[in-house]
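As the structure is a computational prediction, the values presented were derived from the model and not from experiment. The basis for the numbers below is simple: all heavy atoms, side chains too, and nothing from hydrogens, waters or symmetry mates.
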Amino acid sequence: MDGNPTFLSCPDHSPGRALAPPRVTPSSSPALVASVKDLYDFICSGPLVDRIGYTKEKVAESIDRWLRCGSQIARLFRLNELQLSEAEKVRIYHFYIPVFLWCEDQVTEHRAKYKEGDDIPPLVIGVSAPQGSGKTTLVFTLDYLFRVAGRNSTTLSIDDFYLTAKEQNELRDRNPGNALLELRGNAGSHDLQFSVETLESLTKLTKEGMKMKVPRYDKSAFGGRGDRADPSVWPDVEGPLEVILFEGWMLGFKPLPNEVVKAVDPQLEVVNKNLEAYYNAWDRFIESWIVIKIREPNCVFQWRLQAEIAMRADGKPGMSDEEVMDFVSRYLPAYHAYLPTLYKEGPNGSKPEQLLVIDIDEGRNPLWGS
C-alpha cells in the first residue's frame, strides 16, 4: 500500500439488495455530496471493513460517525482534512477509524454484561505489535477518540513495567554472557509484581473520586538504555475508568517447548522459562485483543532506527545506528520463536469474537489478510 495503494471493493453480504447511499443533509452542496460519496467508496475499499463486521449498508448508516472521527484525527495530528494525502487517508480511514469502531463495539458489549448500578470494571484491550510498527501512535489515537467520545480511558505499556536501570544491571550480572538479558526487553526484564498491582488497581477505578498514578518509563535515560521515570512525572488516572489500552511488543507470547526455542537461539532457554509467569501478570487481565501481524521480523530494525532518529531530532538522547542494530538483534530471536504461534493460535485465553488481527506492510498500513 505504500505510495500506490490498490483499493479493492468491500464484500457485499446482501446480494440482490440495493445499497443505501451515504446519508447527507438536504442543505449539502453537490460538491460535498460527491466528496462524501467518494469517501464512502474509499472506506468500503479498506481491508479492515469486513473484519470489523461492517457491510456497505452499515458503513452508509454510520457515515456521519466516520466523518466525525476523521475530523477529530485530522485535528489531533494537525492535518487539513480537506487536503489529506493518499497515505494520510489510508492511515485514517483504512486503519485508525475501523480499529476504533471495533474497540467501541467491544466496550459496548463488555458493559452490556453488567446490570444497572453494578461497578463495571474497565475493559482492558491488549495491543500486541512489534517495535516500531506504529502501535504507540495507534494507541494514542484510540485513547484520544475514546476521550472525545466521552469515554474515560487510559494507556499503559509493558515498557512501563521494565525493571529499573539498577535492577536491569543486576539481571545482566545474574545471567553473564546472555545477550538477550543484558538490556531491557525480553521476558525477565519486567517487574511482574509491580505490573499485577498496577493492573489490579486500575481495574478497580470504577467510581468518581477514585484516583491513582500510573508508571512511565524513560527510554532516553542512560544514553538510551532507559530507566523507570520518577514518580513525580507519572500521570494521574481518575475513575470511573471505562477503557485501558495496554500495548506491548511481546503481549500474548506463549512459552514453547525448550527444544523449539533452543533451535532458534540457545540463549532463549532462560527467557522461555521466564515467560511462564507472564500470562498471570499480563494476559489474564486482557479481554479484547488487537494483534498487529508483520510478514518479516527483520523490518523491526528499520522501524526502530526511524524512532531513534525522531527521538534525536526532538533533542532527546537516543541510540546510534550501530546501537540500534545491536539492540534489535536482542529481540529478533523472540520474534522468530514466538510470533508464528501467536499468529496461528492467538493469545492465551483470547476468543475469536474478541480478537482483531491486522496484517500490515512495511509502511505500517493494513493489508488484506494472508
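Open room surrounds CZ on Arg225; 12 or fewer heavy atoms of other groups in view lie less than 6.0 Å from it. Within a 6.0 Å sphere centred on NZ of Lys58, heavy atoms belonging to other residues, nucleotides or ligands number more than 12. Heavy-atom contacts from other residues, nucleotides or ligands closer than 6.0 Å to CD of Glu200 number more than 12. Residue-environment remark: CE (Met210) exceeds the threshold of 12 foreign heavy atoms within 6.0 Å. Other residues, nucleotides and ligands contribute only 12 or fewer heavy atoms inside 6.0 Å of the CD atom of Glu208. Within a 6.0 Å radius of NZ in Lys262, other residues, nucleotides and ligands contribute 12 heavy atoms or fewer. Counting heavy-atom neighbours within 6.0 Å of Lys211 NZ, excluding the residue itself, gives a total of 12 or less.
Looking at Met250 and Ile158, their side chains come closer than 4.5 Å, going by heavy atoms from C-beta outward. Residues Leu142 and Cys103 have side chains in contact (heavy-atom distance under 4.5 Å, counting atoms from C-beta outward). Val124 is listed as a side-chain neighbour of Thr203, based on a closest heavy-atom distance under 4.5 Å. Side-chain contact between Ile294 and Val300 is present, with at least one heavy-atom pair separated by less than 4.5 Å. Here the side chains of Leu180 and Pro333 are in contact, with some heavy-atom distance below 4.5 Å.
Counting only distance, with no hydrogens or angles, the side chain of Arg184 and the backbone of Leu163 share no donor-acceptor pair below 3.5 Å. For the pair Asp118 (side chain) and Lys115 (backbone), a donor-acceptor distance under 3.5 Å is present. At distances below 3.5 Å, at least one donor-acceptor pair connects side-chain atoms of Asn274 with backbone N or O atoms of Val270. Checked by atom type and distance alone, the side chain of Asp160 pairs as donor or acceptor with a backbone atom of Ser157 at under 3.5 Å. Of the possible polar contacts, one joining the Asp227 side chain to the Ala165 backbone as a donor-acceptor pair under 3.5 Å is found. Without hydrogens or angle criteria, Asn272 side chain to Leu256 main chain gives a donor-acceptor distance under 3.5 Å. Between the side chain of Glu182 and the main chain of Arg172, no donor-acceptor pair closer than 3.5 Å is present.
Clustering ILVMFWY residues whenever any of their side-chain heavy atoms sit less than 4.5 angstrom apart, transitively, puts Leu251 in the very cluster that holds Val196. Cluster membership for Tyr343 and Tyr338, using ILVMFWY side-chain heavy atoms within less than 4.5 angstrom, is shared. Under a hydrophobic clustering in which Ile, Leu, Val, Met, Phe, Trp and Tyr are joined whenever their side-chain heavy atoms come within less than 4.5 Å, directly or via other members, Ile120 and Leu245 fall into different clusters. Tracing side-chain contacts under 4.5 Å through hydrophobic residues (I, L, V, M, F, W, Y), one never reaches Tyr279 starting from Ile286; they form parts of separate clusters. Connection of Tyr331 to Met325 is established within a shared hydrophobic cluster, with ILVMFWY side chains joined at heavy-atom distances below 4.5 Å, either directly or through further cluster members.
For the 3.5 Å distance criterion, the side chains of Gln131 and Tyr335 qualify, holding a donor opposite an acceptor.
Tested against Tyr114 for a side-chain contact (heavy atoms from CB on, under 4.5 Å), the candidates Glu116, Arg111, His110 yield a single pass: His110.
Note on Lys37 versus Asp41: no salt bridge recorded, every NZ/NE/NH1/NH2 to OD/OE distance being 4.0 Å or above. Under 4.0 Å is where a charged nitrogen must lie from a carboxylate oxygen, and between Arg151 and Glu242 at least one such pair does. Checked for salt-bridge contact, Glu308 and Arg304 meet the test: a charged N lies under 4.0 Å from a carboxylate O. The pair Asp321-Arg312 meets the salt-bridge criterion, with a side-chain N (NZ, NE, NH1 or NH2) lying under 4.0 Å from an Asp/Glu carboxylate O. A salt bridge is absent between Arg228 and Asp218; no separation between the charged side-chain nitrogens and carboxylate oxygens falls under 4.0 Å. A salt bridge is absent between Glu287 and Lys351; no separation between the charged side-chain nitrogens and carboxylate oxygens falls under 4.0 Å. Taking 4.0 Å as the cut-off between side-chain N and carboxylate O, Asp359 and Arg51 count as a salt-bridged pair.
Gln267 and Ala179 get closest at one heavy-atom pair: OE1-N, 2.7 Å. In this structure, Tyr96 and Ile73 approach most closely via the heavy-atom pair CB-CD1, 3.9 Å. Considering all non-hydrogen atoms of both residues, Tyr217 and Asp159 come closest at CB-O, 3.2 Å. When all heavy atoms are compared, the tightest approach of Ser85 to Glu88 is N-OE1, 2.9 Å. When all heavy atoms of Gly188 and Leu171 are compared, the closest pair comes out as O-CD2, 3.4 Å. Heavy atoms only, all atoms of each residue included: Leu199 and Ala281 are closest at CD1-O, 3.6 Å.
Checked against the 6.0 Å centroid criterion, the rings of Trp66 and Tyr93 do not qualify as a close aromatic pair.
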*Please assess Asp143 against Thr155 for the test side-chain hydrogen bond (donor to acceptor under 3.5 Å, both in side chains), listing each intermediate value before the final yes or no.*
CA-CA 7 Å; Asp143 181 52; Thr155 65; 5.2 Å; no
_Assess the residue pair Gln106 and Leu123 against the criterion (side-chain contact (heavy atoms from CB on, under 4.5 Å)); give the C-alpha distance rounded to whole Å, side-chain angles, the decisive distance to 0.1 Å, and a yes or no._
CA-CA 8 Å; Gln106 293 291 309; Leu123 174 69; 3.8 Å; yes
*asked:* With side-chain contact (heavy atoms from CB on, under 4.5 Å) as the criterion, how do Ser133 and Trp249 come out once you've worked through the C-alpha distance, each side chain's angles and the decisive distance to 0.1 Å?
replied: CA-CA 9 Å; Ser133 61; Trp249 73 276; over 6 Å; no
*asked:* For Glu81 and Arg75: C-alpha separation, side-chain torsions, deciding distance, then whether salt bridge (charged side-chain N to carboxylate O under 4.0 Å, His left out) applies.
replied: CA-CA 8 Å; Glu81 64 178 302; Arg75 194 178 315 126; over 6 Å; no
_Ser195 and Thr198: CA distance, side-chain angles, deciding distance, side-chain contact (heavy atoms from CB on, under 4.5 Å) verdict_ = CA-CA 5 Å; Ser195 65; Thr198 302; 5.6 Å; no
*Carefully, step by step, assess Phe95 and Ile358 under the rule side-chain contact (heavy atoms from CB on, under 4.5 Å).*
CA-CA 9 Å; Phe95 195 0; Ile358 304 168; 3.9 Å; yes
*Step by step, would you call Phe100 with Phe146 a ring-ring contact (aromatic ring centres under 6.0 Å, His included)?*
CA-CA 8 Å; Phe100 172 68; Phe146 274 126; 5.1 Å; yes
_I'd like to know whether Asn258 forms a side-chain hydrogen bond (donor to acceptor under 3.5 Å, both in side chains) with Glu269, so could you lay out the CA-CA distance, the side-chain angles of the two residues, the decisive distance to 0.1 Å, and finally the verdict._
CA-CA 6 Å; Asn258 252 346; Glu269 192 171 5; 3.3 Å; yes
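Note: Trp234 and Phe194 have tilted aromatic rings, judged against thresholds of 30 and 60 degrees for the angle between ring planes. Between Phe161 and Phe246, the ring planes lie perpendicular to each other; the angle is over 60°, past the 30° to 60° tilted range.
For the salt bridge (charged side-chain N to carboxylate O under 4.0 Å, His left out) condition, no pair includes a residue of residues 89-103, sequence neighbours left out.
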